[in-house]
Amino acid sequence: MRRINLDHLATTPVLPEVWAAMQPFFSEAYGNPSSLHQEGLRAKDALAKARQQIATFIHAASPAEIFFTSGGTEAANLAIKGVAYASQRRGRHLVVSAVEHPAVLHSVEFIEQQGFTCTRVKVNAEGWVDPADVEAALTDQTILVAVQHVNHDLGTIQPVQEIGRLTAARGVPFFVDATASGGWIEIDVQAIGANLLSLAPHRFYGPKGVGVLYRNRKARLVPIQHGGAQEEGRRAGTENVPAIVGAGVAAELAGRALPERIAHTAQLQRRLWEGLQARVPYLRLSGPAPGLGRIATSLNVSTEFIEGEGQLLLCDLNGIAVASGSSCVSKSLKISHVLAAIGLDQALAQGNLILSLGRENTAEDVDYFLDTFVKIVAKLRAMSPMWDEFQRGAIDSVVAPRGSGQTSAAPAAGMAGTSHAH
Amino acid sequence: MRRINLDHLATTPVLPEVWAAMQPFFSEAYGNPSSLHQEGLRAKDALAKARQQIATFIHAASPAEIFFTSGGTEAANLAIKGVAYASQRRGRHLVVSAVEHPAVLHSVEFIEQQGFTCTRVKVNAEGWVDPADVEAALTDQTILVAVQHVNHDLGTIQPVQEIGRLTAARGVPFFVDATASGGWIEIDVQAIGANLLSLAPHRFYGPKGVGVLYRNRKARLVPIQHGGAQEEGRRAGTENVPAIVGAGVAAELAGRALPERIAHTAQLQRRLWEGLQARVPYLRLSGPAPGLGRIATSLNVSTEFIEGEGQLLLCDLNGIAVASGSSCVSKSLKISHVLAAIGLDQALAQGNLILSLGRENTAEDVDYFLDTFVKIVAKLRAMSPMWDEFQRGAIDSVVAPRGSGQTSAAPAAGMAGTSHAH
Amino acid sequence: MSDIYTLYNETVMDHFMNPRNLGDLADADGVGEVGAAACGDIMKISLKIKDGRIEDARFKTFGCGSAIASSSMATELIKGRSVQEALHFSNQDVIQALGGLPPVKIHCSVLAEEAIKAALDDYLKRHPAPAAPAAQPT
Amino acid sequence: MSDIYTLYNETVMDHFMNPRNLGDLADADGVGEVGAAACGDIMKISLKIKDGRIEDARFKTFGCGSAIASSSMATELIKGRSVQEALHFSNQDVIQALGGLPPVKIHCSVLAEEAIKAALDDYLKRHPAPAAPAAQPT
Ligand SMILES: Cc1ncc(COP(=O)(O)O)c(C=O)c1O
Ligand SMILES: Cc1ncc(COP(=O)(O)O)c(C=O)c1O
């Protein structure tokens, strides 16, 4: 069966060009970049090239500002803890948004146990962080502000440039987690005013096993993984050379193809959203409508009266890969904390599905998904006691209330943990 | 020019079988193991298989005791910090050997800043840790003992089984860094009595970008990289699936080929050592002589009156990859702390060369190295003012004193940092 | 399903994809509904009981694959049992019949047990005397 | 060297592999030795000086590639200079002539400067009057 990937937010396949660039570094050019002989020097050279490719991709002033880690998670851990430990004499307060990825939020919880404090800035119903709320949260003790570029569950684009301006004015380092946007939206660290920024190349057709942390001189940073003097002493451990090489090439390709990728997915996103609105009643979009406020690749929808895992499994059995923020899907059995933060009704949170498009998707993919999804919804609603009660008028819809029957509406916040769909 | 790898301690090329197993997981089976669809489930399945292969390789009781990290360094960081943070209510004291890798020693230094204390157990002149010294260092507050399986610079095999017995008797968790031995000596975590053990598959023909931490129930462990619930909540971040698959296959191959690899390298090691003794005067071996006390792959030699980087460069220009523990070779400009710990004369430490054999080396490689090395030593000694003074009788040899002329002998300890050759 | 990777075993997947006894019973003698949408699972089980024996059972479920499979299997298991037997029905019966559930999904089988108990409770409340004299306090 | 990766640039590698002015001068007018084996570098420079001008220079070095290259280049640069000029010899001259050194290896060029200064000192001590009247305190 042909597979359709509507889960690009989880990960993406490595492109042939990326693959070709990586390939020699497994066996032929297998050197350790710390070695001073041919094998080592060649590997070191390859790292330098990849560092330059990444620097160019995000408009860093210098490749010396690029540090390679094992992934987006480690990059976020390094940004949060590495800045916190480096700056603890200046202050011990951080400001983060409430909808950051667990890589950020759990890092923050960890350093809170070490005596730091943190203000979590709330978001509006679309998951958007108000820069004024960030500004209000700043204190004399604030040593770091962390706000993601794009929310990983909702697709909401955050006002990072405005936040960058106000943190710069206050001299507070600003970390932008761009894991959910890198490769899909133009990233210019200087225009954003980011002092730190993280990327996960496996999200834009690069390999797994490598992450990127950009850091400029305005943010002090100590290592959190200790050992050898790799990465200018900021990240110990033998470098994952082939993956780093792949990351560089993936970034170069993404930089070149960006306008095309955005145009392509934006078109499919519109088709998908219009199809869902037309064909699936009692369905709600979370996050901004397609347009300037959201990333062009994803839609976060909740279908009323049915649960998300069943939707996901039936999509999968019909050849379509999707994700969900429902509690049944998460390892912690809690709904996505992002859905909780936007105050989504609990039952709707359980009916959540996250669709994310990529370069290889086609209009036929979208149409096939729509045809399939309509059948899946019908099948699951036929099983659902809630749908039955709604039909009989015993309960009302939260999405499109008729005004008769009681609704089970309740904000999701009570049920959420810092779990996540990706 | 044909290249001869006598630096297997730095890293090794990926074997064709390992490569073949990894290959599908870049593009065809690119899923994220956290995803619940086909792509994700296939990746998850691949992780489970690799976990079983590793468990079998080190005789773990269960694959649930195997955790994948980004490398040997992260595994050591996780063992030290993850046990320390998990056990801090029981005690805040650690015992480690003085010749651990910087991944261990710098992790320890970090947690010392967090209020832990640590006893560093000295070694004898061959770099060997006396179990009695470990026992003497234990206190009621000790929450972890860390002693490597084999020293990465010297090749000294540590008495881990004896230490495992005495830590078990005291109920103190025991961490064994087996990064320098994995794939080259039989590892049986149960026979050793290790509660934690780390491996770096790139040291035995597996890929870079993956490490292994074994941990059994007797050691409590909290994560140090925070985020998602991967690796049973003990290590967050999207898994490096292809590398983990490669690690599993590399372990399986290593397990199967172990007796053969040991026999092969032991034979070459003997040939190399005999050749050096016969053909290079004023050369000293550090660590135990070839035999039961040292790993069968490596030799750590210091050639008097000349410096190590020059030897390394001239080997390289003649097609041979080697390593050195001299200060000129290290990023910190300090000699290996291991050479300092064994009290090696400072000038000899500067003349250090580390040779490490592998499965693809041949007797011809060894002979070619010997022929080349004799010429290199002659060339560098001809440049050396010390050699000249020694010839004129103005100074004496430390390696083979004639009893005339003053020696420059001084133990290396004063000059050392926790730098490392690998 | 040879080349297909599944979240659940084959039996669970079969009951999820082809649920048995789906629906309601118009003239049910006992109906139980447990769970909450907010928690991700609602199960409703309807029973037709004659002469102290469960003649028919139906379910409707809002929930994940294993919740649907658990209720499907539970209705299969309960059919033909006496009310007395059914009162001892346990989630372990469901797990065993399904050939196992992932640890985090055990609660789905518990919900199925609770739904059956709730349906039997409803039945016993509606038919107090003949069916359960022993269950009454003395 | 096209397909070869080098730790140092081509000039440094060339001076390391083919050192100029290697050796001692039997009848040296000044000899300087600086550094220590324990620190990883010893440099010895011998000078032949005639009429206040450096006619010949030789070096011997215990040290890394850049130490050898630095002393080789330093002897090349110093030949033909007057003692007065040579007293102003700087490690920057070595770095520039070598086309740069890695940051952690700058100290090698400093050592070369110091070796030359030590050799000149030795010469001046042995030949105090005619060569350096201006350098003496008034
Ligand atoms: C916004 C965001 N940050 C961080 C991460 C962590 O990235 P990784 O799992 O690749 O380490 C993710 C991954 O889902 C993400 O979406
Ligand atoms: C004994 C020992 N431990 C840990 C490490 C760190 O391993 P890696 O650099 O692969 O992360 C090394 C690597 O040289 C080692 O030899």
Side-chain angles (χ1 to χ4, degrees), chain B residues 1 3 302-314 316-319 321 324-335 340 344-352 376 379-392 394-395 398 407-416, chain D residues 1-8 10 12-26 28 31-46 58-72 75 101-108 110-111 115 118-119:
Chain B
M1 190 193 295
R3 297 283 305 168
S302 287
T303 305
E304 204 168 7
F305 310 119
I306 58 175
E307 186 275 335
E309 190 200 273
Q311 299 175 48
L312 188 156
L313 291 180
L314 288 172
D316 187 42
L317 293 167
N318 283 286
S324 166
S326 99
S327 67
C328 295
V329 164
S330 92
K331 289 172 187 156
S332 63
L333 293 182
K334 290 176 179 164
I335 61 158
L344 187 65
D345 170 77
Q346 293 187 17
L348 283 179
Q350 298 295 357
N352 184 253
I376 289 171
K379 175 169 178 154
L380 290 173
R381 282 187 174 160
M383 290 194 205
S384 168
M386 287 177 79
W387 178 247
D388 186 50
E389 286 163 33
F390 173 66
Q391 299 289 89
R392 288 188 283 108
I395 61 170
V398 174
T407 76
S408 63
M415 305 299 303
Chain D
M1 301 229 307
S2 62
D3 240 28
I4 294 188
Y5 293 85
T6 53
L7 185 57
Y8 303 115
E10 236 174 292
V12 178
M13 288 305 283
D14 180 39
H15 276 263
F16 165 62
M17 292 187 291
N18 310 298
R20 327 290 200 264
N21 312 310
L22 178 66
D24 298 289
L25 289 169
V31 177
E33 184 172 313
V34 296
C39 304
D41 299 289
I42 301 177
M43 277 187 205
K44 180 182 170 194
I45 287 191
S46 310
R58 290 283 189 283
F59 82 93
K60 280 210 162 172
T61 291
F62 165 99
C64 60
S66 63
I68 290 168
S70 291
S71 32
S72 167
T75 52
L101 280 175
V104 294
K105 297 294 187 179
I106 298 298
H107 69 95
C108 294
V110 173
L111 215 58

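The figures here come from the full heavy-atom set of this structure, side chains too, leaving out hydrogens, waters and symmetry mates. Every chain is numbered from 1 and lettered A, B, ... according to where its sequence line falls, protein lines coming before strand lines.
The side-chain heavy atoms of B:D316 and D:I4, taken from C-beta on, include no pair separated by under 4.5 Å.
For the atom pair CG of B:L312 and CG of D:L7, the computed distance is 8.5 Å after rounding to the nearest 0.5 Å. Here CE of D:M17 is found 5.5 Å from CG of B:L317. Values are rounded to the nearest 0.5 Å. With rounding to the nearest 0.5 Å, the separation of SG in D:C64 from CD in B:Q350 is 9.5 Å. Distance check, rounded to the nearest 0.5 Å: CE of B:M386 to NZ of D:K44 gives 12.5 Å.
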**Request:** Would you sort out whether D:T61 and B:M383 count as a side chain to side chain contact (heavy atoms under 4.5 Å, CB included), showing the intermediate values?
**Result:** CA-CA 6 Å; D:T61 291; B:M383 290 194 205; 5.8 Å; no
**Request:** Begin from the C-alpha positions of D:K105 and B:E309 and carry the test salt bridge (charged side-chain N to carboxylate O under 4.0 Å, His left out) through to its verdict.
**Result:** CA-CA 12 Å; D:K105 297 294 187 179; B:E309 190 200 273; 2.8 Å; yes
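Using a 4.5 Å cut-off between heavy atoms, D:S71 makes no contact with chain B at all. For chain D, no part of B:E304 is nearby; none of its heavy atoms comes within less than 4.5 Å. Residue contact with chain B, scored on non-hydrogen atoms closer than 4.5 Å, involves the backbone and the side chain of D:I42 alike.
When D:A67, D:G65, D:G40 are compared by the number of non-hydrogen pairs under 4.5 Å with chain B, D:G40 comes out ahead. Most heavy-atom pairs under 4.5 Å with chain D: of the set B:S326, B:G308, B:A382, this distinction falls to B:A382.
The heavy-atom pair separating B:P385 from D:F62 by the smallest distance is CD-N, 3.4 Å.
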